[in-house]
Amino acid sequence: MEPQTTQMPRIGDKAPDFNVTTTTGPLQLSEYNKGSWVVLFSHPADFTPVCTTEMSGFAMEKEFFAANNAKLLGLSIDSIHSHIAWVNAVHEKTGVLFEFPIIADLDMHVSKLYGMLQPGESETAAVRAVFFIDPEGTIRLIMYYPLNVGRNMEEIKRVLLALQTASTHKVACPLNWQPGEKVIVPAPKTLEGLAERKASNLEMVDWYLAKKSI
Ligand code: BEZ
């Protein structure tokens with residue numbers, strides 16, 4: 001049998017809009033996205049161990065995301081009652097409260113729209129996806145993890161800051177970049193630009209690979 005093709009949004013695409021039921025009430029992505037970044041992430045199922053660690057990780061970083069103008073939005077193919085029971089159970093057991101909205105995607109509408117349902121991995125559970133959507137509603141970075149490997153919160157935080165830094169300063173972030181480190185400035189596109197680059201006091205490996213502090 002031919003493998004089933006799955007719709008996969010791409011970096012640079014407008015984030016497909018949706019209206020959903022969440023743990024904090026009805027939500028429209030385009031409204032939620034107004035004026036801030038959205039980090040949209042799926043988990044395979046409520047009441048599962050890896051998912052509990054991941055969702056707790058997001059919840060415990062709520063100040064970081066708020067401070068960096070990013071709203072969290074979770075999702076799984078579970079009912080709203082399951083979500084509420086799970087949020088309550090984790091809160092009672094650990095004291096951690098998932099305050100961000102979690103989409104009850106029982107009809108798999110959003111999961112399919114965002115390529116979170118990857119049949120080779122699971123026909124019924126969303127993979128561990130993370131979509132970074134900028135305030136203009138454009139998808140800027142996508143992560144997909146399988147069911148059996150949890151994500152890395154430090155990397156999620158790092159790429160959010162890297163995306164924001166790259167946009168604000170029109171630069172690029174090199175390998176393993178961390179906030180506060182030098183960034184890469186775009187290579188010159190003319191001979192005049194090359195001469196300026198050579199005369200500049202940028203940290204230069206070569207004319208096309210130069211760094212500056214911001
Ligand atoms: C988990 O979160 O632990 C999990 C969920 C689905 C499949 C495997 C693991």
Side-chain angles (χ1 to χ4, degrees), residues 1-11 15-16 18 20-25 27 29 32 37-66 68 70-133 139-160:
M1 201 169 70
E2 286 290 304
Q4 205 183 324
T5 52
T6 312
Q7 183 173 359
M8 305 285 280
R10 292 162 301 189
I11 293 171
F18 51 73
V20 283
T21 300
T22 82
T23 46
T24 60
L27 182 148
L29 177 66
Y32 194 60
W37 287 71
V38 172
V39 180
L40 167 65
F41 51 98
S42 53
H43 67 272
D46 297 345
F47 294 100
T48 53
V50 178
C51 297
T52 303
T53 64
E54 290 187 312
M55 298 295 269
S56 301
F58 279 108
M60 290 190 290
E61 293 292 351
K62 95 174 178 179
E63 277 95 8
F64 170 86
F65 290 105
N68 289 290
K71 290 180 182 165
L72 298 174
L73 180 55
L75 173 150
S76 75
I77 302 169
D78 286 294
S79 71
I80 199 69
H81 298 109
S82 168
H83 281 345
I84 289 167
W86 184 41
V87 172
N88 184 54
V90 174
H91 188 216
E92 284 185 358
K93 286 266 179 219
T94 70
V96 177
L97 181 60
F98 307 163
E99 288 175 90
F100 51 83
I102 307 171
I103 300 169
D105 194 34
L106 258 191
D107 65 1
M108 305 185 184
H109 173 69
V110 179
S111 303
K112 288 180 178 165
L113 201 56
Y114 277 77
M116 294 164 171
L117 201 57
Q118 304 193 5
E121 182 70 349
S122 171
E123 301 268 1
T124 52
V127 296
R128 302 179 194 281
V130 191
F131 286 83
F132 296 81
I133 304 169
I139 296 171
R140 298 286 302 281
L141 193 148
I142 303 171
M143 297 173 171
Y144 287 115
Y145 279 54
L147 269 53
N148 55 5
V149 178
R151 287 157 283 198
N152 183 309
M153 185 51 62
E154 291 309 310
E155 178 63 358
I156 289 168
K157 289 162 54 182
R158 187 188 78 89
V159 298
L160 176 67

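Counting convention: from 1, in listed order, for ligands and their atoms alike.
- Relative orientation of the Y114 and F18 rings is perpendicular, given thresholds of 30° and 60° on the angle between their planes.
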Stepwise side chain to side chain donor-acceptor pair (under 3.5 Å) check, D78 with H81: CA-CA 8 Å; D78 286 294; H81 298 109; over 6 Å; no
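- Just one of V87, L73, T24, T22 meets the side-chain contact (heavy atoms from CB on, under 4.5 Å) condition when paired with I102; it is V87.
- Partner F41 forms a ring pair (Phe, Tyr, Trp, His ring centres under 6.0 Å) with one of F98, Y144, F100 and no other, that one being F100.
- Among residues two or more places apart in sequence or in another chain, the salt bridge (charged side-chain N to carboxylate O under 4.0 Å, His left out) test is passed with K71 by none.
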Short N or O separations between ligand 1 and the protein, below 3.5 Å:
residue: ligand 1; atom: 2 (O); partner: T48; partner atom: OG1; Å: 3.0
residue: ligand 1; atom: 2 (O); partner: V50; partner atom: N; Å: 3.1
residue: ligand 1; atom: 2 (O); partner: C51; partner atom: N; Å: 2.8
residue: ligand 1; atom: 2 (O); partner: R128; partner atom: NH2; Å: 3.1
residue: ligand 1; atom: 3 (O); partner: P49; partner atom: N; Å: 3.3
residue: ligand 1; atom: 3 (O); partner: V50; partner atom: N; Å: 2.7

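- Once rounded to the nearest 0.5 Å, the distance linking OH of Y145 with CD of E54 reads 9.0 Å.
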